[in-house]
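Nothing fancy with the numbering, it's 1 onward along the sequence. In each ligand, atom 1 is the first atom listed, and ligand 1 is the first ligand listed.
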Amino acid sequence: MRLSLQGVEVGYPAPSGAYLPALGPISFDVADDEFVCLVGPSGCGKSTLIRVLAGLLPPTAGTAYCGDELINRPLPQTAIMFQDTNLMPWRTVLDNIALPLEIVGATKTERFRIVRELLPQLNLEGFEFAYPAELSGGMAQRVALGRVILQQPRIWLLDEPFGALDALTREKLSLELLRLRGRSQQTIVLVTHDISEAVLLADRIIVISRRPGTLAADIDIDLPRPRSADMIYQPGFLRLAKQVRACIEDLRD
Ligand SMILES: Nc1ncnc2c1ncn2[C@@H]1O[C@H](COP(=O)(O)OP(=O)(O)O)[C@@H](O)[C@H]1O
Ligand SMILES: [Mg+2]
């Protein structure tokens, strides 16, 4: 499904009562099935933008669309994932992943069967009865990813989902994300501060300027798919990473 931002602006109320602009005006489209990475300095409005696309935050001005539908509330075809996994500590891995199934009324037996089929893909086999406190950061993110997958969303909004993980775990999980995305293509918008991660994953990278964030650059990542970890040493990859980096550096004051 296509996403479209048209002149979107967001301001937050300041303690003085004035409105502090945080984002925009910004306009761009994400095509159906496209994987877009958002990069930009911290505080430039990336999370704000994700919250607008998720229907969690109404823009101060402008409009956001998902297909032909105005985004003015969370839409059922959209799933969102943050750096904080928000796993429920009192629920096992199985029950955390199964949450979307529970919401639609699947029975316990059905939930158990569906989640168990998914666990090998998530590399979580044998951990179905573990609790979040017993998991590594990477495993917790895979649980959160499992929950997103079971929702079968057409739109994935991912706000620095792997931001708190070490570099190698992050790279591994990014590639798993591509693999899990698989054949049934989804539209994905992923925020990351990691330039290599952005180039490795994206069809397109959007660079956002300093606050209030506007569109600073829109870079096509024309690398072949499937992508693999060893691509990061190839000249084509390095050229693109350098280009993105230069755009971000241009934004610094
Ligand atoms: N709830 C809020 N109230 C007031 N200001 C906010 C709020 N959320 C974010 N901001 C401000 O808006 C700007 C953009 O924030 P954010 O979207 O979180 O940026 P990013 O995700 O790119 O780091 C920041 O300067 C931040 O301090
Ligand atoms: Mg953020």
Decide salt bridge (Lys or Arg N to Asp or Glu O under 4.0 Å) for R170 and E160; before the verdict, give the C-alpha distance in whole Å, the side-chain angles of both, and the deciding distance to 0.1 Å.
CA-CA 10 Å; R170 199 161 65 208; E160 303 204 44; over 6 Å; no

In this structure, CG of D218 is separated from CD1 of I206 (nearest 0.5 Å) by 4.5 Å

Does F112 CZ have over 12 foreign heavy atoms under 6.0 Å away?
yes

Return the closest protein heavy atom for atom 14 (C) of ligand 1 as residue, atom name and distance.
G43 O, 3.4 Å

Atom 18 (O) of ligand 1: closest protein heavy atom, distance to 0.1 Å, is S47 CB, 3.7 Å

The salt bridge (charged side-chain N to carboxylate O under 4.0 Å, His left out) partner of D33 among R225, R154, R2 is R154

Can you tell me if an N/O/S atom from S42 lies under 2.8 Å from the Mg ion (ligand 2)?
no

Of all the non-hydrogen atoms in the protein, which one sits nearest to atom 19 (O) of ligand 1, and at what distance?
G45 N, 3.2 Å

Is it the case that D194 and T192 place a side-chain donor and acceptor less than 3.5 Å from each other?
no

Which protein non-hydrogen atom lies closest to atom 24 (C) of ligand 1, naming both residue and atom, and how far is it?
R211 NH1, 3.3 Å

Atom 17 (O) of ligand 1: which protein heavy atom is closest, and how many Å away?
T48 OG1, 2.5 Å

Might you confirm whether atom CD1 of I103 has over 12 heavy atoms from other residues, nucleotides or ligands at distances under 6.0 Å?
yes

Note: ligand 1 atoms sitting under 4.0 Å from heavy atoms of A22 are 12 (O), 13 (C)

Would you mind telling me which of D95, N96, I97 makes a side chain to side chain contact (heavy atoms under 4.5 Å, CB included) with V93?
I97

Here the atoms of ligand 1 under 4.0 Å from any heavy atom belonging to S42 are 23 (O)

Identity and separation of the nearest protein heavy atom to atom 6 (C) of ligand 1
Y12 CD1, 3.2 Å

